[in-house]
Amino acid sequence: MTGPIFTLRGVRGPRLVLLLALVVAIAGCTPATLKQRNGYWADQAQQAQAYNHRVRFLVLHYTGGNEARAIQVLTGPNVSSHYVVSDAPPRRGGAPVVYQLVDENARAWHAGRSAWAGRRHLNDSSTGIEIVNPGPVDTPSGKVWRGFSGEQLAAVIALARDIIARYDIAPENVLGHADVSPGRKIDPGPAFPWEQLYRQGIGAWPDAATVNAYRDRFRYDMPGIAAIQSALSRYGYELDVTGVLDQPTHAVIVSFQMHFRPQRYDGIPDLETVARLWALNDKYR
């Protein structure tokens with residue numbers, strides 16, 4: 001005899017369900033928590049509580065070229081990103097389609113030399129989104145920054161919201177490439193609508209009332225360069241406090257202004273820049 005033989009004739013309803021469950025139990029089945037891998041089994045029935053996610057930061061970029069060129073470069077051997085958002089995303093079932101080039105659990109090569117809030121090499125701890133956009137374009141009247149389309153931003157917002165929710169990324173850790181690599185990178189540039197994303201629950205932005213209060217406070221008594229450097233460092237930028245408006249400080253201020261004061265990004269710490277910086281530290285640090 002090779003095993004128990006059951007006849008199901010005349011068996012109906014709950015009795016049939018119970019009988020089938022008994023057959024499965026007798027035959028044996030693999031628990032859902034037992035995963036077969038190459039040469040061994042992993043039992044996942046016991047789950048630890050002391051851990052956190054690899055992803056702590058979300059870094060936004062522009063591609064600096066068209067979609068075809070971006071995909072070619074980002075699928076090559078030297079650089080990559082987790083996601084690419086087209087300038088005219090295709091749609092499926094009424095929702096935008098974004099391109100995922102790297103699994104979120106893997107380390108994409110998108111940030112390069114980078115630092116934020118005391119951490120370096122942010123490829124290790126971030127997810128990168130490349131947004132198709134040419135960046136600054138030279139024209140007879142100077143450089144012009146092309147904006148981002150509504151459908152493109154809708155896709156970025158949906159994607160960013162999902163990533164932020166799954167990894168519990170803090171608002172002040174949603175960054176541009178320029179924030180984590182000042183002086184080396186300028187993307188996503190001053191045309192990127194950070195305030196609009198903030199209104200959609202993505203990233204940081206200073207409160208207007210606090211900015212106004214600091215604007216009044218500093219109108220006739222601006223902080224010195226050392227205090228400004230310290231405030232930039234406190235917010236997250238990697239910057240030494242030298243008391244001198246040196247090249248690294250200028251580069252960091254340009255990056256800060258592109259993100260939080262895009263109407264003027266000349267690297268000069270004017271009243272509006274300083275008021276917004278102090279307001280951000282009050283709110284997030």
Side-chain angles (χ1 to χ4, degrees), residues 56-64 79 81 108-131 133-136 143 145 148 160 169-195 197-198 202-206 222-281 283-285:
R56 308 291 297 277
F57 307 97
L58 177 60
V59 181
L60 306 185
H61 311 251
Y62 62 52
T63 58
V79 65
S81 185
W109 301 346
H110 65 99
R113 296 193 316 274
S114 52
W116 187 257
R119 289 177 176 263
R120 294 184 176 180
H121 311 295
L122 295 192
N123 285 342
D124 296 339
S125 54
S126 66
T127 294
I129 300 176
E130 288 275 359
I131 306 165
N133 184 282
K143 290 186 183 296
W145 298 79
F148 298 80
I169 298 174
E172 63 272 22
N173 290 338
V174 179
L175 306 158
H177 201 180
D179 293 309
V180 301
S181 300
R184 191 174 70 85
K185 296 294 181 178
I186 57 174
D187 53 313
F192 189 72
W194 285 106
E195 185 176 7
L197 264 67
Y198 168 75
I202 299 165
W205 198 257
M222 280 276 288
I225 294 299
I228 293 169
Q229 290 169 328
S230 180
L232 288 164
S233 177
R234 177 185 172 195
Y235 188 67
Y237 293 93
E238 185 172 66
L239 185 63
D240 293 331
V241 177
T242 65
V244 178
L245 186 56
D246 48 23
Q247 191 280 329
T249 305
H250 180 270
V252 166
I253 293 173
V254 168
S255 293
F256 177 87
Q257 290 172 327
M258 282 187 171
H259 191 145
F260 296 109
R261 197 222 194 288
Q263 299 81 5
R264 172 178 165 179
Y265 47 92
D266 56 4
I268 304 301
D270 65 329
L271 175 62
E272 188 65 26
T273 299
V274 172
R276 295 187 184 201
L277 172 59
W278 256 253
L280 283 164
N281 275 325
K283 185 173 182 178
Y284 298 105
R285 298 299 191 190

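- Atom CZ of Arg184 has more than 12 heavy atoms from other residues, nucleotides or ligands within 6.0 Å.
- Checked against the 6.0 Å centroid criterion, the rings of Trp194 and Phe260 do not qualify as a close aromatic pair.
- Distance CZ/Arg234 to CG/Leu277: 9.0 Å, rounded to 0.5 Å.
- Between Trp116 and Tyr237, the gap from one ring centroid to the other is short of 6.0 Å.
- In this structure, Thr127 and Val59 have side chains that are not in contact, with every pair of non-hydrogen atoms separated by 4.5 Å or more.
- Look at Arg119 and Asp124 and you find no salt bridge, because none of the NZ, NE, NH1 or NH2 atoms lies under 4.0 Å from a carboxylate O.
- Put simply, the side chain of Gln257 reaches to within 4.5 Å of the side chain of Asp270, judged on heavy atoms.
- For Phe192 and Tyr62, the ring centers sit 6.0 Å or farther from each other.
- Within 6.0 Å of atom CZ in Arg113, 12 or fewer heavy atoms from other residues, nucleotides or ligands are found, so the atom counts as exposed in its surroundings.
- By the 4.5 Å heavy-atom criterion applied to side chains, Asp187 and Asn133 are not counted as neighbours.
- Residues Tyr235 and Trp278 place their aromatic rings such that the two centres sit no closer than 6.0 Å.
- Ser233 and Glu238 share no donor-acceptor pair across their side chains, judged by distance under 3.5 Å alone.
- Counting heavy atoms from C-beta on, the side chains of His110 and Asn123 come closer than 4.5 Å.
- In this structure, Gln229 and Asp240 have side chains that are not in contact, with every pair of non-hydrogen atoms separated by 4.5 Å or more.
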